[in-house]
Structure formats: structure tokens, C-alpha cells
Amino acid sequence: MKELHWRDILIRTVLIIATVTIVVWSMPHDSRSYFHVEQGKPWKYADFTAPFDFPIYKSESVIRAERDSALSQYEPYYKYSKEVEQRMVRKFNNDYADGIPNLSPNYMNIISNRLRSLYQQGIIDQKDYDELLSDSATMIRIVNDKQATSVSVMELYSPKTAYEQLFQDEILAPIRSILQKCNLNEYISPNLTYDRERSEASKNDLLAGIALASGVVQKGQKIIDRGDIVTDKTYRIIESFKKENELRNEDVKQNHLTLFGQIIYVTILVLSFTVYLSLYRKDYFEKPRSTAMLYAFIIIFAVLTALFMRNTFIHVYLLPYAMVPIFIRVFMDSRTAFMTHITMILICAVMLQHPFEFIVMETVAGIVAISSLRELSQRSQLFKTAIFVTVTCLTINMAFDWINNDGLTQIDYSYYNYLIANGILLLFAYPLLYLIEKTFGFISDITLIELSNTNNKVLRKMSEVAPGTFNHSIQVANLAGEIANKIGAKSQLVRTGALYHDIGKLSNPIYFTENQSGINPHEMLTDIESAQIIISHVTEGLKMADKYHLPNVIREFISTHHGLGKAKYFYVHYHNEHPDEPVDDLLFTYPGPNPFTREQACLMMADTVEAASRSLPDYTEQSIRGLVERLIDGQVADGYFRECPITFRDIQYAKTVLIEKLKTIYHTRVNYPTEKKA
């Protein structure tokens, strides 16, 4: 027992650590403000006061305009090279040392002088020249030794424009056709090269002079009140606060402090939830899938909330948090549904900028969902619950708007759209029920109702092959369902389980009394063989349950409806026939186990009494009461209900229900008179 105790503690500890780790990992680890701000719209959060000093940053458009204005004064630097001029003029003179054909020798000096004039004016690479013109640059700085001179771009040449300028000279223009044969463009090369280092330094100096802020907000200064319209100035202040807050949160110590706070907060909530389960719902820890579903809901919605908070275009109110209490209420109980919901909401709320309205709205929505959905047996019930939750959330949001705003024009109606969309998404709980059932091994009332349809394959086959067993199952279902209603157990579960508890009789229907019509095949068998055939309907039923993919909870009804009892007719008969021989009880004992739920106990009592009632010689109140008292008291004495959480009060209620129902079923009918003929 001590070993089991420590194992339980270990399991709970692992659950807490895993849940806290995943939730905290998904949460934002800073104190950023994830509120959404729109110009011209009312401020939908609480009154906002500056928590620290911060500058009012200029908008991107203003900074861009100032950058453009500053860059309009920017003058890129170019280095002047004398060597290019000397080299190219020397090359021209060498190539035409004998003169230019058909021209007098003086043209050599004229062309040399014109080339020198072009180089002294400045020639830039064609690509740089085109970029300067496209950037609308007006001036550049030419660095000659240690002196920098500003020169207009229009006064400079590219190799192409320099070549054209050469032929525009008054003296050279008339002999253009002759000079074109000389390929003078080979002697024109850029003598101004871009000085990247000086140019970048100059540009950075200009940009450094642009102020990124246009003012300062002091700590404690009121920025905006709830309901006020967000003006352009207020918008810039709030955006500046968010930007400054992000810069401050780059501090590693601040991030660590926030992380430690989140770990402590989430741990306290998850630990409290685990303590609740350990004290009041410890049976859930015996079903790993039940525990997994509870903690999985908390983790999933916490992670989704963190993702929604990081995306300012998706509002957190779109998340259908009320799904959680709906699912848990359908598969478990109301109190656990509320505790899980409130734990999840408190964890998600810490990620919001202003969590008060969120906590109030989602808590009330969860209470409405739990109260309006006691059981889910029809689609219309979920539709009504979604309407109730949506109307409640809209009403609460309207109340907050009226409290915090002075006029209807200041109300932000986009919230109402989110809440309506939330109600629509809540309807997806119905198709998700099937996924939850398959994932965590639960079964809903809707599935039970579908299984109890007598037109499905198994029950229809029973009505055709074993009609007596089919009628017996229906009678037992009605009796067990009435007992469950009386003692507060799950009526629909008992009814469905009762319909399938004897499906194993389909293998050999003729060997069971209710299906016989004058011929009893047991007369040709020994008591042991007959007992084995009777007992086998439990194991055969489990095989058929696997074949038709029946849920585990239905299989449990099949295996427990006889518990560890005996096939008493053949056991007693064999004992009487062989009084001197020891009897092997195992040959006459059902495989069990005994019932371990109240619903299974209801089925066992109803099945035993209904089957035995058919053998009564007369149906008086005294005979029926005596039969019920004897059979059920015998089951209690044999210990069939020791592992079952059923009380003596419940058993007494069960007796009363069975007696009243059997009296109704087997009531005495009036003899109809015969008509006398005239």
C-alpha cells in the first residue's frame, strides 16, 4: 500500500511538472503590451498611465520624409586622378606621332588640349553617371589631394557625353567624319572614382542628425482613459510605449524575472487543481485517459491563447473556451468541469493586458454552459447552450461598455462580432465529441442513444435469431433504467448496456430457455457441459463486442452482469446427483468480475429478477416481493456488490422499483364476458 501511495505521488508530480513546463514555455516571457490600437476608435482597455519615462517616437512616414530631406543635401565623394589624363593624352600623341591623315599637324595640339579640358572638367564611369542622374543628385564632391570641391553633376561628363562634347567644338566639328576614323573614344576614360568610405561617413553624419523622437512622456502621466477616442498623437504615444517596452525587455534579467513569476503562478494553479482531484475525484487518477483529458484541455487552450496574443490580427475572444466545461460536463461531472474551466481561465488571463473583463466573461460563460447542459442526448441541446453562452457574453460585454463609456458612439462594436463568432465556433463541440471519445476512451449519451437503436446490426440480428433473449434484454433495460433514475445513476448508460449484455447468446440461442419452444437440448448433455455452454455466453459476448467495435464501457456490462456467480441450476443439480463427490466450483462459475460501478449493479439486479420472475407460478404482490427480496438479499450476502460504490439505501430503492414494475408488467387482466346469442 505504501508503494502504491508513492507511485500516485510520482504520477501527480509528473503531471504538474509537464503541464507547467508546456504552458510556461508557450507563454510570452516578457511584459510586452499586446493590446491592439486603432486610430479613430475608442480605447477599449483600462485607463492607461505611463509606468516609466519614454520618448515619443516619430512615425515611420515622418522619419522617412526627414531622411529624404537630409539626403537631398548629400554629396557623394569622388577621387580625382591626374594620372588618367596624362596617360591618355600621352597615348594619343604616341599613336599619332606622324600626324592624322589628311589633317594638318596643328590638329594634334588642338585635340590634345580638348582632351585635357575634358579630363579637368571630370569624367565619371557611365554607370555612376546614370545613377546620379536617376537619384536626382545635383552636386558631388571632388577630392583632389586634400582639397574637396563641390561640383554640379551637370558639369561632369560620362565617357559617352565627353566623346560627343569633343565633336561639338567649333574647330573639330567640320572634320568630324575624319576624326571618327581615329577612334578617339579609346582615349576617353573616367578619371573620377567613387570614394565609398568618405561617402558613407558623410551620409551617416546627415542621418545621425535626424531625431527619432519628438518629445518625452513622464512617468505617471495620464495617456488615455477608457472609452476616449485614439487620436493621432495618442496613437503615436501608445506605439512609442510599446516600442520602448520591447527595448527594455531585451534585458536578460527582466526576462528571467518574468519567467520565474510565470512558473510560480502557473504552478500554484495547477497544483491547486491537482489537490482538488486528489481530494474529491481521486477515482479519475485510476483512469489515465480521464486525467489526460483534463490536463490536455488546460494545456491546449493556454497554448492557443499565447499564439493568439502574439498575433494582433486574431482576437482572443474568438477562442471558444466554453467548450472545455461542455466536454467535461458531458463525460465527467459539473464540479470538475467548473474547476478545470476556472483553472484554465486564470492561466490564460495572465497573458492578457487587462484580464479582469476576460475572467468575468469566461467564468460566467462556463457556468452557463454547465448549467444549461446537464446531459447531451440531442443536437438541439448543444445549439441552445451555444445561444445561452453567446447571449450571456454579449450582455456582459454590453454592461462593461455602459459602465466605462459616456456615450454609445464611443463603444467599440467589433467586440460583439468576436463574441458572435465565438458562439458559432462553439457549435463545433458536437462533431468534436466523436474525436474526444475516440482519443480519451469516453462515451457520450449521443453515442449511447445511437447504440441503443434496435435497427442496428447487432440488435436486429438478436431480434431475428434469439427473439426471447431480445425481449428479455428490452425488459431488463427498462427495469435497470428505472433503478438508475431512482438512485441517481446514469440511466442511458444502463439501458444501452442492458441491451447488449446477453449478445453472447447469439452463438447458441437454443440452449437458453427464453429461446426454446418445447425442445430442451440440455437433456442430452451433462450438467458440466450445460453449465459451460451457459457460462460461455459471457466470453462469446466479449468476442462479439470486439467484432462489432463496441465501447469498453459496454463490454464491462457484458462481463459483470453475472459477476463471479454460478450457473446455479446445473450446479445444484450436479451436486444433488453426485452427493458423495467433491464439486469443482470453477466449472460452474462465471468469469466475472463482480460489478464495480453503480450502473453495473443495477443491471445485475434487474437481470436476475427479470429472468427469475418468469418462473413464478402466480404473480401476486406477495410472490413478487418475496422473489425480489430473496434474490437481491442473496446477491448482497454473496458479496457481489463489495467492490461497487452502491449503498444499502440504493439497494432498497432498487427493490422497490423492481417490485412496482413487475407488478405492473404481470398485472391481473380482466376476463372479458362472452356475448350471449339470442
Side-chain angles (χ1 to χ4, degrees), residues 62-96 100 106-176 179-180 182-212:
V62 172
I63 294 177
R64 193 181 305 111
E66 293 184 359
R67 284 172 57 90
D68 293 341
S69 177
L71 291 177
S72 65
Q73 303 174 10
Y74 167 64
E75 297 179 0
Y77 283 78
Y78 283 82
K79 295 178 182 179
Y80 178 79
S81 174
K82 292 182 180 179
E83 190 273 334
V84 174
E85 173 187 344
Q86 296 171 356
R87 177 165 49 83
M88 289 300 174
V89 172
R90 188 185 312 116
K91 180 181 178 183
F92 171 74
N93 291 329
N94 292 336
D95 290 345
Y96 292 96
I100 299 174
N106 340 340
Y107 281 101
M108 287 292 299
N109 292 330
I110 294 173
I111 294 173
S112 297
N113 291 334
R114 297 297 184 272
L115 288 174
R116 289 191 180 93
S117 177
L118 291 173
Y119 281 113
Q120 290 172 4
Q121 193 74 24
I123 301 174
I124 301 179
D125 181 75
Q126 186 66 46
K127 181 180 179 182
D128 290 348
Y129 185 80
D130 294 338
E131 288 181 356
L132 288 173
L133 293 180
S134 63
D135 291 342
S136 301
T138 57
M139 305 291 288
I140 67 169
R141 284 183 172 270
I142 299 178
V143 180
N144 189 356
D145 291 335
K146 296 182 179 181
Q147 183 178 1
T149 306
S150 295
V151 178
S152 173
V153 175
M154 305 306 297
E155 298 178 6
L156 304 175
Y157 298 106
S158 67
K160 181 179 179 181
T161 57
Y163 181 74
E164 293 175 352
Q165 181 64 28
L166 192 65
F167 289 110
Q168 290 177 3
D169 185 83
E170 295 180 355
I171 299 175
L172 300 180
I175 58 173
R176 180 181 183 120
L179 294 178
Q180 284 178 338
C182 297
N183 295 326
L184 295 181
N185 58 309
E186 295 180 359
Y187 309 102
I188 299 175
S189 179
N191 67 336
L192 297 178
T193 56
Y194 179 65
D195 190 338
R196 183 176 297 279
E197 183 178 353
R198 281 196 178 97
S199 298
E200 293 296 327
S202 175
K203 181 184 291 186
N204 291 334
D205 289 342
L206 289 173
L207 296 178
I210 300 174
L212 299 179

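In this chain, residues are counted from 1 in sequence order.
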| said: Quiz question: by atom type and distance under 3.5 Å, do the side chains of T149 and N144 form a donor-acceptor pair? | reply: no
| task | Find out whether N94 and K91 are in side-chain contact, i.e. whether some heavy atom of one side chain is under 4.5 Å from a heavy atom of the other. | result | no
| field | Backbone of E155 reached by a side-chain donor or acceptor of Q121 within 3.5 Å | value | yes
| task | Identify the heavy atoms of Y107 and I175 that sit nearest to each other, and give their distance. | result | CE2-CD1, 3.3 Å
| Does Y80 reach the side chain of V143, with side-chain heavy atoms less than 4.5 Å apart? | no
| Do Y187 side-chain atoms and R90 backbone N/O form a donor-acceptor pair below 3.5 Å? | no
| More than 12 heavy atoms of other residues, nucleotides or ligands under 6.0 Å from CD of Q147: is that the case? | no
| said: Taking CZ in R87 as the centre, count heavy atoms belonging to other residues, nucleotides or ligands within less than 6.0 Å. Is the count above 12? | reply: yes
| request: Over all heavy atoms of both residues, which pair between S189 and V84 is shortest? Give the atoms and the distance, please. | output: O-CG1, 3.8 Å
| Pairwise distance CG(D95) to SG(C182) - rounded to 0.5 angstrom | 10.5 Å
| request: Give, for atom OH of Y96 and atom CG of L184, the distance between the pair rounded to the nearest 0.5 Å. | output: 6.5 Å
| field | Nearest non-hydrogen partners of I123 and A162, listed with the distance | value | CD1-CB, 4.1 Å
| message | Can you tell me how far apart OG1 (T161) and CG (L156) are? Round to the nearest 0.5 Å. | response | 9.0 Å
| field | Contact check, side chains of T193 and S81, non-hydrogen atoms, under 4.5 Å | value | no
| said: Quick check: closest heavy atoms across E186 and M88, and the distance to 0.1 Å? | reply: O-SD, 4.0 Å
| message | I'd like to check I171 versus R114 (side-chain heavy atoms, cut-off strictly below 4.5 Å). Are they in contact? | response | yes
| Roughly how far, to the nearest 0.5 Å, is OH of Y163 from CD of Q168? | 12.5 Å
| request: Using modelled atom types only, decide if a donor and an acceptor are shared between the side chain of S202 and the backbone of R198 within a distance under 3.5 Å. | output: no
| request: Would you give the length of the straight line joining atom CG of N183 to atom CD1 of I188, rounded to the nearest 0.5 angstrom? | output: 11.0 Å
| How about N204 and E200: does a side-chain donor come under 3.5 Å of a side-chain acceptor? | no
| Are the side chains of F92 and M108 in touch, meaning some heavy atoms are under 4.5 Å apart? | yes
| field | Side chain S199, main chain Y77, donor-acceptor under 3.5 Å | value | yes
| query | Atom CE of M154 and atom CE of M139: how far apart are they, to the nearest 0.5 Å? | reply | 12.5 Å
| Does I140 reach the side chain of I124, with side-chain heavy atoms less than 4.5 Å apart? | yes
